[in-house]
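Comments concern the structure below.
Atoms within a ligand are numbered from 1 in the order they appear, just like the ligands themselves.
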Amino acid sequence: MSVCLVTGASRGIGRACSVELARAGWDVAVNYSRDEEGAIETARLVQSLGRRASLFRGDVSSHEESRVLIENVERELGPLDVVVLNAGITKDGLLMRMSEEDWDRVLDVNLKGVYNVAKWAARAMMRRRSGRIIAISSVVALTGNIGQANYCASKAGIIGFVRALARELSRYGITANVVAPGYIQTDMTEHLPNEVKENLTRSIPLGRLGTPEDVASAVSFLAGKGSAYITGQVLPVDGGMSMGALT
Ligand SMILES: NC(=O)c1ccc[n+]([C@@H]2O[C@H](COP(=O)([O-])OP(=O)(O)OC[C@H]3O[C@@H](n4cnc5c(N)ncnc54)[C@H](OP(=O)(O)O)[C@@H]3O)[C@@H](O)[C@H]2O)c1
């Protein structure tokens, strides 16, 4: 039996990862912080594929709640093989209007949340000398974006953090990689005006926004046997956006 944990799995990319991992044969620990109804629906989708799913409420920005989360996952589902560090938020605004509170909250959830969950998960994986850590960053960690200084900093921080983990944990048989999605159609990007979405689409070589399933396939690859020799890497899933414009 193989167990994975997906943080922020109540909708969007986290839900798609849960479903894709279930399809690949994993039992899924579904983490969420508030959206219980969404998390129940994710669990139902996993179970409909014949895999076990359990719900775990917990705010990843809390070190203690993250410790309890990993403890509960292992108690209820068994040894954790894969953790997908997906929970994330935005609180956008130009730097001059960005409050300290909005800076802190985005860094706390997106970057400290990755440290919190990765730390407790790695501790459990080190004992068994195997495991996969997959963190969801963003294309804007590589390109920057107006109005997202806090978000870009958190997502760029994830890349440095995971590369350090890849080096530290390789001797324990644990790999650590990053998936960097481009613009994906979820609640997070739903509020963007149509004009912005049209301009964005024009800037994407593959000519469309991404789907949560596009990201989930990459995550499933990094969780599977075929990626055993890959660690410390950043895999953009962005329709070619991070290649930059032709001049
Ligand atoms: N959509 C995009 O275009 C895009 C692009 C690049 C990267 N990403 C990244 O991909 C990840 C998922 O994004 P998404 O578009 O699927 O976003 P979403 O639809 O807004 O979903 C975010 C998920 O994170 C959970 N979450 C938020 N704060 C949490 C916390 N403190 N503790 C635990 N869970 C928490 C939410 O659950 P609750 O509501 O229960 O809190 C929800 O399940 C994020 O890290 C995001 O930055 C998204």
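In the displayed structure, K91 atom NZ is contacted under 6.0 Å by at most 12 heavy atoms of other residues, nucleotides or ligands.
Around ligand 1 you find G8, A9, S10, R11, G12, I13, N31, Y32, S33, R34, D35, G58, D59, V60, N86, A87, G88, I89, R105, V109, I136, S137, S138, Y151, K155, P181, G182, Y183, I184, T186, D187, M188, T189, each with a heavy-atom distance below 4.0 Å.
The pair E198-R202 does not count as a salt bridge, with every side-chain nitrogen at least 4.0 angstrom from each carboxylate oxygen. Between D214 and R208 there is a salt bridge, since a side-chain N of the basic residue sits under 4.0 Å from a carboxylate O of the acidic one.
Cluster annotation: I89 is not connected to V6 through the hydrophobic network of ILVMFWY side chains, with a link wherever side-chain heavy atoms come within less than 4.5 Å.
Between the side chain of D238 and the backbone N or O of G182 there is no donor-acceptor pair closer than 3.5 Å. For the pair E74 (side chain) and L80 (backbone), a donor-acceptor distance under 3.5 Å is present.
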